[in-house]
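The structure appears right after this line, and notes come after that.
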Amino acid sequence: MSAETSLRFIACGSAGDGSSALIARLISNAKRRYLIVDTPWHEQHVRDTATAAPTARVAVILVDAREGLLAQTRRETRIASLLGVKHVVLAVDRMDALGGDREPFERIESEYGAFARDVGFASVKAIPVSSLTGANVTARAAEMPWYSGPALVEHLDTIDVQEPAMARVAFRLPVEDVSRGQQDVRSYRGRVAQGTVRVGDPIRVVPSGRQSRVASIARGSGDVPSASFGESIAVTLADGIDVARGDVLCAAAEPAAATDQFEAKLIWMDAHALVAGRRYRFKLHAREVDGAVTLIKYHVDVDTGAHLAARQLKLDEIGVVNVGIDEPVAFAPYEENERLGSFIVIDRETGRTVGAGTIDFLLRRAANIHWLRTSVDKSARADMKQQAARCVWLTGLSGSGKSTIANLLEKQLHSEGLHTFLLDGDNVRHGLNRDLGFTEADRVENLRRIGEVAKLMVEAGLVVIVSFISPFRAERATARALFAEGEFVEVFVDTPLEECERRDPKGLYAKARAGSLVNFTGIDSPYEAPEDPEIRVATTGRSPVECVEELRAVLRKLTDRT
Ligand code: ADP
């Protein structure tokens, strides 16, 4: 039996409750191969998703018969459901300690049954077991004659995980690898995510829509006439069409949908909370694409199931979110296909997996908003002013000298005949961004808007000076990504915190220290210094004029005409 046809399950239980002993027995006795996951299991779940393993279909949740249902039991059950587990088995352990007594088991069974039905699983089964004696783990136990159901392993071995059905639906092959063979013929390698494919079948590539026919299918070392769900294969096509890693080869008559907007359930795995609007990398099957959570619709309280309004998702929290990615990707709702319907979220700076999600359905973006291509373009506008359009982005702590330097720099450029515009953080907050405060979520949105405004001004051919604390690397990188190569010049106004606090031009540090100003950068909100800015200006012990002269000289070197 291949790994793909094994039943995947998760065992949940708190440390010391006998789960390890029970799991050890399961491994040695079960007919199918199981993926064993111990607590805290949802972290492991994310790692499995990360390696593109099919996710768990079954959760075995352990309770101690002597303790009954705990808050943790309900919590684990809800998390399992949110992450797409369809079958839940409640192993009521330590029946030996109760002398195999029927009554406590039945009480737990009915209480859990009512709860789990509400949560919504395809099947719920409670089984009285003893991990100590092995009773009802692999075989029906004599000491509990009143129990007429299956033993735990028997039950697991019979749960229908719809595998035969997965071979009958329309063919999908997410392309994991492209290689060139003889006569430059490209072959596309991957594991069949659903359906069956035969040599000669018409194929449509999603999202490109290109069409061809299957010329050959290789499995292992030889060619085969067909292949089905779960098999790892390499396919060649009759035409030399363009297919890349992350594309999905589909049955031509019934191709997968592609989308750049979807609603999803998301579990957040990072100590640094998810903020809507921040850019991350999303990995869906073999495709990696940048994007953002555009909206956190709600956060699910895993203790009560309540939907709570949220601006952030913190470590281990689960929410329902809208996601927007930069390019369309072939996908399927998680309900239909686990591999095409699940994704992970990667921090673009650290490369770490920070979240995992399952797609509920696609969202249709307003299909009729297109970027208007104007015939007078950025360089035509800049040429008229005999300048090169630029975005000079000053970042640094409050009081570091950004506004002072930005002002002097604009004066200087203006006197040289350049057409400039100064976008100052405080000024923008009076108008465009007056609806935003200083929480992390608001700061992210604040910067997103500033970046977009600066970009429009660069499109207008101007030299835009942006003076903004812009404390987060991620958002500065996002702003940078809006511009063409060389157009964005990051200037780190480098003044140590102590010096800024000593200057305290607006008296804000004094307020922050006194506690009357919260979320103040450098005090109780972080500042992430640039690692590789185009220009670094150290201000300590120097006059603003000296700093601007230095900045002007470097700018001139960096940009030919500015
Ligand atoms: P920010 O805009 O970064 O909050 P400001 O420009 O408003 O900072 O304030 C910086 C303060 O530091 C001003 O009072 C300025 O006169 C003083 N300062 C002292 N030395 C320098 C320098 N070399 N460059 C810029 N500002 C300086």
Side-chain angles (χ1 to χ4, degrees), residues 390-415 420-434 436-440 442-444 446-447 449-451 453-454 457 463-473 475-476 479-480 488-514 516-531 533-556 558:
R390 289 283 180 271
C391 175
V392 181
W393 188 287
L394 276 63
T395 171
L397 290 165
S398 175
S400 59
K402 298 180 299 298
S403 309
T404 309
I405 289 173
N407 240 311
L408 285 173
L409 177 67
E410 184 175 36
K411 233 167 108 181
Q412 172 67 32
L413 297 177
H414 186 80
S415 73
T420 57
F421 194 91
L422 174 54
L423 262 174
D424 181 273
D426 287 350
N427 295 355
V428 176
R429 279 187 177 278
H430 281 115
L432 177 66
N433 291 357
R434 81 173 149 223
L436 301 175
F438 290 89
T439 62
E440 190 167 351
D442 278 357
R443 284 174 190 264
V444 169
N446 188 37
L447 283 170
R449 291 187 202 169
I450 299 301
V453 170
M457 291 186 166
V463 177
V464 185
I465 303 166
V466 176
S467 164
F468 245 131
I469 298 177
S470 38
F472 304 117
R473 265 179 219 127
E475 277 67 55
R476 293 193 302 264
R480 180 185 291 273
F488 184 86
V489 182
E490 187 172 357
V491 180
F492 178 26
V493 181
D494 188 2
T495 312
L497 180 63
E498 309 76 66
E499 172 65 11
C500 295
E501 200 163 354
R502 197 187 56 71
R503 292 179 189 168
D504 205 2
K506 295 167 209 141
L508 298 176
Y509 284 95
K511 279 193 192 166
R513 289 287 184 201
S516 57
L517 185 63
V518 294
N519 288 333
F520 193 67
T521 303
I523 307 296
D524 57 351
S525 184
Y527 178 77
E528 299 170 358
E531 273 159 355
E534 273 78 7
I535 306 175
R536 183 178 153 272
V537 182
T539 72
T540 317
R542 302 167 74 203
S543 75
V545 171
E546 276 175 79
C547 292
V548 171
E549 277 170 3
E550 183 200 352
L551 177 55
R552 180 69 193 112
V554 187
L555 262 181
R556 203 171 275 128
L558 270 182

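Start at 1 and go down the list; that is how both ligands and their atoms are numbered. In what follows, every heavy atom counts, from backbone to side chain, and hydrogens, waters and symmetry copies are set aside. Residue numbers count from 1 along this sequence.
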Drop me the distance from Leu555's CG to Ile535's CD1, to the nearest 0.5 angstrom.
4.5 Å
Which one of Val444, Ile450, Thr395, Asn446 satisfies the side chain to side chain contact (heavy atoms under 4.5 Å, CB included) criterion with Glu475?
Val444
Write out all pairs satisfying salt bridge (Lys or Arg N to Asp or Glu O under 4.0 Å) with one or both partners inside residues 422-432, taking only residues at least two apart or from two chains.
Asp426-Lys506
Going from CD1 on Ile405 to CD on Gln412, what distance comes out if it is rounded to the nearest 0.5 angstrom?
13.5 Å
Partners of Ala479 by side chain to side chain contact (heavy atoms under 4.5 Å, CB included), sequence neighbours excluded?
Trp393, Phe488
Only counting residues at least two apart or in another chain, list the ones meeting ring pair (Phe, Tyr, Trp, His ring centres under 6.0 Å) with Tyr509.
Phe520
If the criterion is any heavy atom closer than 4.0 Å to an atom of ligand 1, which residues make the list?
Leu397, Ser398, Gly399, Ser400, Gly401, Lys402, Ser403, Thr404, Ile405, Arg503, Pro505, Lys506, Thr539, Arg542, Ser543, Pro544, Cys547
